[in-house]
Each structure stands twice: as structure tokens, then as C-alpha cells.
Undergrad: 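Have a look at this one.
Basis for what follows: all heavy atoms, side chains included, without hydrogens, waters or symmetry-related copies. All residue numbers refer to positions in the sequence shown, counting from 1. Both ligands and their constituent atoms are indexed starting at 1 by order of listing.
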Amino acid sequence: MIISFDIDNTLIPYSNEFEVEDKKFLSKILGAESIRKGTINLFNELEKRGHTIWIYTTSFRSIFNLKKTFKSYGLNPSRIINERINQKKLKNLNCKASKNPKIFGIDIHIDDSKGVEIEGIRYGFKTIVLDTNDKNWVTNIISKIDAIEMNLG
Ligand SMILES: [Mg+2]
């Protein structure tokens with residue numbers, strides 16, 4: 001399945017909402033942003049299970065900078081959708097949602113926003129809404145994805 005992740009307050013904290021991965025030398029040199037502790041493990045586990053990982057954010061960060069951040073932790077999301085790409089697509093399809101993973105072909109979108117969860121119900125896309133304080137977020141996401149996959153199969 002194609003699984004997308006939100007950025008702000010999901011994988012990258014606004015300030016110190018959650019623990020972050022240790023910054024490697026390369027991350028420091030490249031000026032990469034800090035990412036949530038467990039992200040490396042989670043992405044690797046999902047890829048091992050045959051899933052494809054995308055980033056889907058309403059942030060205007062450039063694709064280049066987002067790629068750089070993930071790359072510096074050894075991660076290579078297959079596709080990155082930022083707000084510029086998102087707005088263009090939503091506008092073309094006259095969609096009023098803030099995000100619509102379905103129109104990009106995403107199977108499950110992971111986000112901290114309850115608003116996105118509500119849009120998911122309205123527009124018919126699947127979300128997993130993440131609690132910022134969830135220390136077991138990696139395990140919880142994997143079991144939710146497994147459950148969704150079993151229902152689909
Ligand atoms: Mg967010």
C-alpha cells in the first residue's frame with residue numbers, strides 16, 4: 001500500500017512536542033531538521049512489509065529541503081507532496097478539502113490533525129490520526145496498518 005505521512009507535529013515537531021532521532025554528523029552538516037524518534041525504525045519496518053512511503057504535507061517547505069532532511073537519516077520517501085503541489089491538484093479537481101490523499105492514489109494517510117480525520121470521512125479516504133504524546137506510536141501505527149490490510153485482503 002502507499003502510506004503517506006504528514007510533517008508538522010507528526011514527523012517533525014514544532015518545538016519539543018516529542019523526542020527526536022539523534023542527529024548524525026551528516027544531518028548537522030546538511031542543516032537537516034530533527035525528525036521524530038522512531039521514524040527510521042517505522043519507515044524501515046513498513047518498507048520491509050512491502051509498503052511504499054510518501055510524505056504529504058500542507059507545508060510550503062521545498063521538496064529539496066524535505067528530501068535532504070530524510071536523506072540525512074538514511075530515509076528515501078518515494079514521493080513528496082508539499083502544499084504547492086497539493087493546492088494545484090485540489091484546485092484542478094475543485095476539491096475544497098485541505099488534504100485529499102485519495103486523489104493522489106494514497107491508501108492510508110497518517111496525520112496529527114483531527115480535521116484531516118473528519119475530511120477523510122467526508123471525502124472517503126483512510127487516515128490514522130496520531131497522538132503527539134504517544135510514546136508507542138511506531139508499534140501502534142504498524143498494528144493499525146496491519147489491521148487495515150487484513151480487512152482489505
Ligand atoms: Mg500536522
Undergrad: Any luck finding a side-chain donor-acceptor pair between Ser98 and Glu119 under 3.5 Å?
TA: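 The answer is yes; a qualifying pair exists.
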
Undergrad: For Asn86 and Tyr56, which I'm curious about, is there any donor-acceptor pair between the side chains at under 3.5 Å?
TA: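 On atom types as modelled, these side chains qualify, holding a pair under 3.5 Å.
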
Undergrad: Is Asp111 close enough that one of its N/O/S atoms sits under 2.8 Å from the Mg ion (ligand 1)?
TA: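 Given the 2.8 Å cut-off, Asp111 does not count as a ligand of the Mg ion (ligand 1).
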
Undergrad: Output, in order, the C-alpha distance, side-chain angles, deciding distance and verdict of salt bridge (Lys or Arg N to Asp or Glu O under 4.0 Å) for Asp134 and Arg36.
TA: CA-CA 11 Å; Asp134 185 359; Arg36 189 171 188 157; over 6 Å; no

Undergrad: One pair to check against ring pair (Phe, Tyr, Trp, His ring centres under 6.0 Å): Tyr73 and Phe43. What are the steps and the verdict?
TA: CA-CA 11 Å; Tyr73 294 94; Phe43 280 21; over 10 Å; no

Undergrad: Out of the N/O/S atoms in Asp8, what is the name of the one closest to the Mg ion (ligand 1)?
TA: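 When I compare the N, O and S atoms of Asp8, O is nearest to the Mg ion (ligand 1).
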
Undergrad: Which atom name would you report as the N, O or S atom of Asp6 nearest the Mg ion (ligand 1)?
TA: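 The atom in question is OD2.
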
Undergrad: Which atom, among the N/O/S set of Asp112, is closest to the Mg ion (ligand 1)?
TA: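 Going through the N, O and S atoms of Asp112 one by one, OD1 ends up nearest to the Mg ion (ligand 1).
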
